[in-house]
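Okay, so here's the structure we're looking at.
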Amino acid sequence: MTDSYIFKGLRKRLVEILKSKGISDEKVLNAILKIPRHIFMGKGFEKHAYKDSAFPIASNQTISQPYTVAFQTSLLDLKKTDKVLEVGTGSGYQAAVLSEIGVKLFTIERQRELYLSSKIILKNLGYSPYSYYGDGYKGLPTYAPFDKILITAGAKKIPEKLLEQLKIGGVMVAPIGERSSQDMLRITKIDDLKFKKENFGKFVFVPMLKGKN
Ligand code: SAH
């Protein structure tokens with residue numbers, strides 16, 4: 001599957017839609033303009049790639065809505081020197097956005113099939129984040145602490161171990177709440193015991209599950 005002028009045109013339109021919905025972070029908009037999202041979708045579904053909506057992928061999971069990817073990424077307020085942990089690699093699209101911005105990315109996925117397929121797609125596009133197959137609730141203690149942590153699945157409670165793996169001054173963006181809908185939280189680690197919590201409203205994600213598959 002290759003890129004084309006048609007897809008490029010559709011991406012330009014998608015970026016305009018995201019701007020009209022309030023996304024203004026140029027780093028994020030440039031990444032979305034550049035990355036061929038259709039390559040992260042199953043064969044035959046390319047035409048859905050540049051609509052601003054989530055879409056089913058393998059293992060009963062979803063590729064997040066472009067607006068959600070852009071919104072979560074903007075909330076992280078990234079610098080190129082940031083060491084970032086993404087929980088829920090899924091299709092790999094969000095990982096591509098983070099890689100394109102230029103951060104040092106670690107990404108973890110509990111579905112083996114997705115861990116494997118996302119790794120190949122990312123590599124073919126020239127991105128090489130550190131990909132792991134495992135349970136994101138445990139994080140990656142060997143590589144901690146992280147400047148930023150991004151959770152792309154809905155958890156009932158803020159995962160404690162991930163807070164521990166955040167640097168002082170670091171930021172975690174995570175959808176937290178019930179299965180039906182979650183609050184988009186941005187948590188800033190003030191010190192080991194003190195956290196600032198901001199709420200950016202309701203979103204719906206597939207659930208963050210324990211263990212691996
Ligand atoms: N960032 C992805 C979003 C995929 S949906 C994208 O851009 O496409 C969320 C993903 O989180 C799913 O693939 C799901 O399998 C994964 N997930 C859920 N619980 C997890 C956990 N405990 N550890 C790692 N990944 C998890």
Side-chain angles (χ1 to χ4, degrees), residues 14 18 28 31-32 34-42 45-46 48-76 78 84-101 103 105-122 125 127 129-141 143-144 146 148-163 165 172-179 181-182 184 203-213:
L14 174 61
L18 297 177
V28 176
I32 288 173
K34 183 161 174 200
I35 298 165
R37 187 172 184 260
H38 60 278
I39 291 178
F40 295 85
M41 323 261 295
F45 298 114
E46 296 89 343
H48 299 281
Y50 301 107
K51 290 179 188 158
D52 188 21
S53 52
F55 203 78
I57 54 172
S59 305
N60 222 358
Q61 302 302 318
T62 55
I63 177 169
S64 298
Q65 182 182 346
Y67 174 76
T68 305
V69 170
F71 190 71
Q72 284 197 293
T73 312
S74 304
L75 285 181
L76 286 172
L78 294 168
V84 181
L85 172 64
E86 178 197 19
V87 174
T89 319
S91 67
Y93 179 69
Q94 169 77 73
V97 170
L98 294 166
S99 301
E100 180 60 36
I101 290 172
V103 303
L105 180 63
F106 295 78
T107 181
I108 183 163
E109 171 58 53
R110 67 179 291 282
Q111 297 277 1
R112 190 172 165 79
E113 187 186 9
L114 293 173
Y115 155 73
L116 292 170
S117 57
S118 63
K119 210 168 151 160
I120 293 168
I121 296 174
L122 287 164
L125 289 174
Y127 301 119
Y130 300 90
S131 294
Y132 294 88
Y133 168 52
D135 180 358
Y137 275 106
K138 296 181 180 152
L140 289 175
Y143 302 100
F146 298 96
K148 309 281 163 70
I149 296 178
L150 174 60
I151 305 184
T152 69
K156 223 172 183 158
K157 287 193 184 130
I158 302 168
E160 284 294 328
K161 286 206 173 117
L162 297 182
L163 286 181
Q165 293 176 29
M172 176 155 99
V173 170
I176 304 292
E178 295 306 314
R179 190 97 173 213
S181 88
Q182 304 89 36
M184 186 65 76
F203 285 78
V204 181
F205 284 77
V206 295
M208 183 165 168
L209 303 171
K210 293 216 161 87
K212 52 186 182 177
N213 233 6

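The analysis underlying the following values was restricted to heavy atoms, covering all of them including side chains, and did not include hydrogens, waters or symmetry mates. A quick note: this is a predicted structure, and the numbers were derived from the prediction, not measured. For ligands, and for the atoms within them, numbers begin at 1 and follow the listed sequence.
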Query raised in the report: Which class fits the ring pair Y130 and F106: parallel under 30°, tilted 30 to 60°, perpendicular over 60°?
Result: parallel
Query raised in the report: Q94 side chain to S64 main-chain N or O, any donor-acceptor pair under 3.5 Å?
Result: no
Query - Contact atoms of ligand 1, heavy-atom distance to A153 under 4.0 Å - result: 11 (O), 18 (C)
Report task. Answer yes or no: is there a donor N or O on one side and an acceptor on the other, between the side chain of Q72 and the main chain of I151, under 3.5 Å? Result -> yes
Report task. Working to the nearest 0.5 Å, report the span between CD1 of I101 and NZ of K34. Result -> 12.0 Å
Report summary line: Looking only at non-hydrogen atoms, the one of E109, Q65, Q72, M41 nearest atom 13 (O) of ligand 1 is E109
Query raised in the report: Is it the side chain (CB and beyond), the backbone, both or neither of Q61 that lies under 4.0 Å from ligand 1, heavy atoms counted?
Result: side chain
Report task. With rounding to the nearest 0.5 Å, note down the distance linking CZ in R110 to CE in M208. Result -> 10.0 Å
**Report entry** Polar proximity ligand 1 side, L209 side, N/O cut 3.5 Å exclusive
**Finding:** yes
Report task. Could you go through the ring pair (Phe, Tyr, Trp, His ring centres under 6.0 Å) check for Y143 and Y132 one step at a time? Result -> CA-CA 12 Å; Y143 302 100; Y132 294 88; 5.6 Å; yes
Query - Expected output: side-chain T152 to main-chain V87 donor-acceptor under 3.5 Å - result: yes
Query - atom 8 (O) of ligand 1 - nearest protein heavy atom and its distance - result: S91 OG, 2.7 Å
Query - Protein heavy-atom partner closest to atom 25 (N) of ligand 1 - residue, atom, separation in Å - result: R110 N, 3.4 Å
Query raised in the report: Of all the atoms in ligand 1, which lie at a distance below 4.0 Å from a heavy atom belonging to T62?
Result: 3 (C), 4 (C), 5 (S), 8 (O)
Requested in this report: Using non-hydrogen atoms of the residue, decide whether I57 is closer than 4.0 angstrom to ligand 1.
Outcome: no
Query raised in the report: What atoms of ligand 1 come within less than 4.0 Å of a heavy atom belonging to Q94?
Result: 1 (N), 7 (O)
**Report entry** Numbered atoms of ligand 1 (with element) below 4.0 Å of G90, judged on heavy atoms
**Finding:** 4 (C), 13 (O)
Query raised in the report: Please state which protein non-hydrogen atom is closest to atom 9 (C) of ligand 1 and give its distance, to 0.1 Å?
Result: T152 O, 3.3 Å
Query raised in the report: If only atom types and distance count, is the side chain of Q165 paired as donor or acceptor with the main-chain N or O of K138 below 3.5 Å?
Result: yes
**Report entry** Heavy-atom gap P207 to ligand 1 smaller than 4.0 Å
**Finding:** yes
Requested in this report: Decide whether an N or O pair under 3.5 Å exists between K210 and ligand 1.
Outcome: no
Report summary line: For L114, the atoms of ligand 1 under 4.0 Å from one of its heavy atoms are 13 (O)
Requested in this report: Enter the distance from L122:CG to Y93:OH here, rounded to the nearest 0.5 Å.
Outcome: 12.0 Å
**Report entry** Contact with ligand 1 for K212, non-hydrogen, under 4.0 angstrom
**Finding:** no
Query raised in the report: For the atom pair NZ (K51) and CG (L14), what is the distance rounded to the nearest 0.5 Å?
Result: 12.0 Å
Requested in this report: Check each atom of ligand 1 against the heavy atoms of Q111 and keep those under 4.0 Å away; list them by number with element.
Outcome: 15 (O)
Query raised in the report: Nearest protein heavy atom to atom 11 (O) of ligand 1, by residue and atom, and its distance?
Result: G88 CA, 3.2 Å
Query raised in the report: For the side chain of Q61 and the backbone of S59, is there at least one donor-acceptor N/O pair under 3.5 Å apart?
Result: yes
Query raised in the report: Does ligand 1 have any atom sitting under 4.0 Å from a heavy atom of S59?
Result: no
Query raised in the report: Ignoring hydrogens and geometry, is there a side-chain-to-backbone donor-acceptor pair from E86 to L150 under 3.5 Å?
Result: no
Query raised in the report: With atoms numbered from 1 as shown, which atoms in ligand 1 lie under 4.0 angstrom from a non-hydrogen atom of E86?
Result: 1 (N)
Query raised in the report: Should the ring pair Y67 and F71 be called parallel, tilted or perpendicular, given that the plane angle runs from 0 to 90° and is split at 30 and 60?
Result: parallel
Query - Nearest-contact summary for atom 23 (N) of ligand 1 - protein heavy atom, Å - result: G136 N, 2.7 Å
Query raised in the report: For ligand 1, which atoms, with element, lie under 4.0 Å from some heavy atom of I108?
Result: 24 (C), 25 (N)
